[in-house]
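Data block below; observations after.
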Amino acid sequence: MDHLRSRLLAWFDRAQRDLPWRRHPSPYAVAVSEFMLQQTQVATVIPYFNRWMQRFPDWSALATAPESTVLKAWEGLGYYRRARLLHGLAQRVVALPGGELPRDPVALRELPGIGPYTAGAIASIAFDVPAAAVDGNVERVLARVFDERGDFAMPATRARIAAKAAALVRDERPSAYTQALMELGALVCLPRNPHCALCPLHALCARPDPARVPKKSRTTTTRESETLAWIVEEGGLFLQPPGTGPRWPDFWKLPVWEESMMVPADAPRPVGLTYGITRYRVAATLQPGSWARASQPELCRVPLEALGELLLPAPHRKLIGRMLGQDGKSGQLQAPVVAGSLAKAAND
DNA sequence: AAGTCGGGGTG
DNA sequence: CACCCAGACTT
């Protein structure tokens, strides 16, 4: 399949996107980008990556940073275990003799947070080592090219595709080849509406018909609803500290509304938001109120102007933004902006 | 082999 | 809405 490779590489040289981690692809930059890109789209990662490289420019800077700082820089990206694993990876790397990642994918696989995909991706992209890196994009592209019709949820199907990917590896521009396969999946060989007419592999693809593409099996989502409490006293908002509750163990959270403990307030009006977390779809309401008796001892009263520095789940931060009349369209609110806005709103 | 873990982009 | 995304780790 040398034909496939030459066509793919020629297309990549022409069509690849200008992405920040392609500017100076050091092993560190490649590793940071790969961790951030796990189950996360490129457009979401770009601003996080740029801020991260400013704040933690190399392995040493990351390794010596406190974990709270690392998590704060990851806030809003999701899958927070990745941040801890990357932090742990940095500490392992600086302790290695060369102070750098190994280039062997088998050795990479032993390090924290580096699975089969990421090991192949770092080896090939950062070190130009011929290694296969099979992510969701590559799986889809190869399944179409080789007319693999098995269910993607079945390990046997994925194993067949992985074998195809491994058989395609050559010692010819491994870095560009790995990125080209993924870039094709991201720009041309799309999940729903592949642009087959524009595809460099169109002539040799076994299944160029967009109407007959394999799809992943569905996941069932469970619906939930929750009411959270907005209680402010003396410029401080009552929050649940980290370490409690089923979700976001590292985060501060809005407390759950307790009918027996709280009295709803007439103003301001409640605000609502529906958000998804893993396989759940949660309809959340933020209810303003006050304490019926004494405040719950496990809650902390946090000054509104300090909220920007706290670790808050994205949906909770959005609810707070809406309660204070902010647009909230920016999704992730910058800490200084939040602090300033909250202080201003608290004076109203 | 199945569950868990976030959040946003997109048709 | 549902699906998908440069997956890894735990049970």
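Below, read A as the first sequence line, B as the second, and so on, with proteins coming before strands; counting in each chain starts at 1.
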Taking the minimum atom-to-atom distance to the side chain of [X], which one of [options] wins?
X        : options              : value
A:Glu183 : C:dA8, C:dA6, B:dA1  : C:dA6
A:Pro155 : B:dG9, B:dA1, C:dC5  : B:dA1
A:Asn193 : C:dC5, B:dG11, B:dG8 : B:dG11

Exercise for the section: From the options A:Met262, A:Gln296, A:Gln287, select the one residue that forms a side chain to side chain contact (heavy atoms under 4.5 Å, CB included) with A:Ile231. Expected result: A:Met262

Exercise for the section: For C:dC5 and B:dC5, measure between their C1' atoms and round to the nearest Å. Expected result: 14 Å

Problem - Distance, P atom - from C:dA8 to B:dG8, rounded to whole angstrom - result: 22 Å

Exercise for the section: Give a yes or no answer on whether the side chain of A:Arg170 reaches the backbone of A:Pro130 with a donor-acceptor pair at less than 3.5 Å. Expected result: no

Exercise for the section: Measure from the side-chain N and O atoms of A:His87 to the backbone N and O of A:Leu62, and report whether any donor-acceptor pair falls under 3.5 Å. Expected result: yes

Practice task
Remember a base hit wins even if backbone is also touched, and classify A:Ile125 as base, sugar-phosphate or nothing at under 4.0 Å, heavy atoms.
Solution key: nothing

Exercise for the section: Evaluate the ring planes of A:Tyr275 and A:Trp248, with Trp represented by its six-membered ring, and classify them as parallel (under 30°), tilted (30 to 60°) or perpendicular (over 60°). Expected result: tilted

Check this one for me: any side-chain N or O of [X] less than 4.0 Å away from OP1 or OP2 of [N]?
X        : N     : answer
A:Arg84  : C:dA8 : no
A:Trp248 : B:dG7 : yes
A:Gln41  : C:dC5 : no
A:Arg140 : C:dC5 : yes
A:Lys318 : B:dG8 : yes
A:Arg279 : B:dT4 : yes
A:Tyr80  : B:dG7 : yes

May I ask you to verify whether the side chain of [X] and the base of [N] hold a donor-acceptor pair under 3.5 Å?
X        : N     : value
A:Arg81  : C:dA8 : yes
A:Thr40  : B:dG8 : no
A:Arg192 : C:dC3 : yes

Send over the distance from [X] [atom1] to [N] [atom2], rounded to a whole Å.
X        : N     : atom1 : atom2 : value
A:Phe152 : C:dG7 : CZ    : P     : 13 Å
A:Leu181 : C:dA6 : CG    : C1'   : 11 Å
A:Tyr48  : B:dG9 : OH    : C1'   : 14 Å
A:Leu86  : C:dC9 : CG    : C1'   : 16 Å
A:Leu190 : C:dC4 : CG    : P     : 12 Å
A:Ile46  : C:dA6 : CD1   : P     : 12 Å

Fill in the blank from the handout: The residue, A:Arg223 or A:Ala121, whose nearest nucleotide of DNA chain C is more 5′ is A:Arg223

Exercise for the section: Tell me which of A:Leu19 and A:Leu85 sits closer to the 5' end of DNA chain C, going by the nucleotide each one is nearest to. Expected result: A:Leu19

Exercise for the section: On DNA chain B, check which nucleotide each of A:Met36 and A:Ala43 is closest to and give me the residue with the more 5' one. Expected result: A:Met36

Handout entry: Option passing ring pair (Phe, Tyr, Trp, His ring centres under 6.0 Å) with A:Trp74 (candidates A:Phe56, A:Trp52, A:Tyr48)
Key = A:Trp52

Exercise for the section: May I have the step-by-step check of side-chain hydrogen bond (donor to acceptor under 3.5 Å, both in side chains) for A:Arg82 and A:Thr40, ending in yes or no? Expected result: CA-CA 12 Å; A:Arg82 295 182 295 176; A:Thr40 308; 3.1 Å; yes

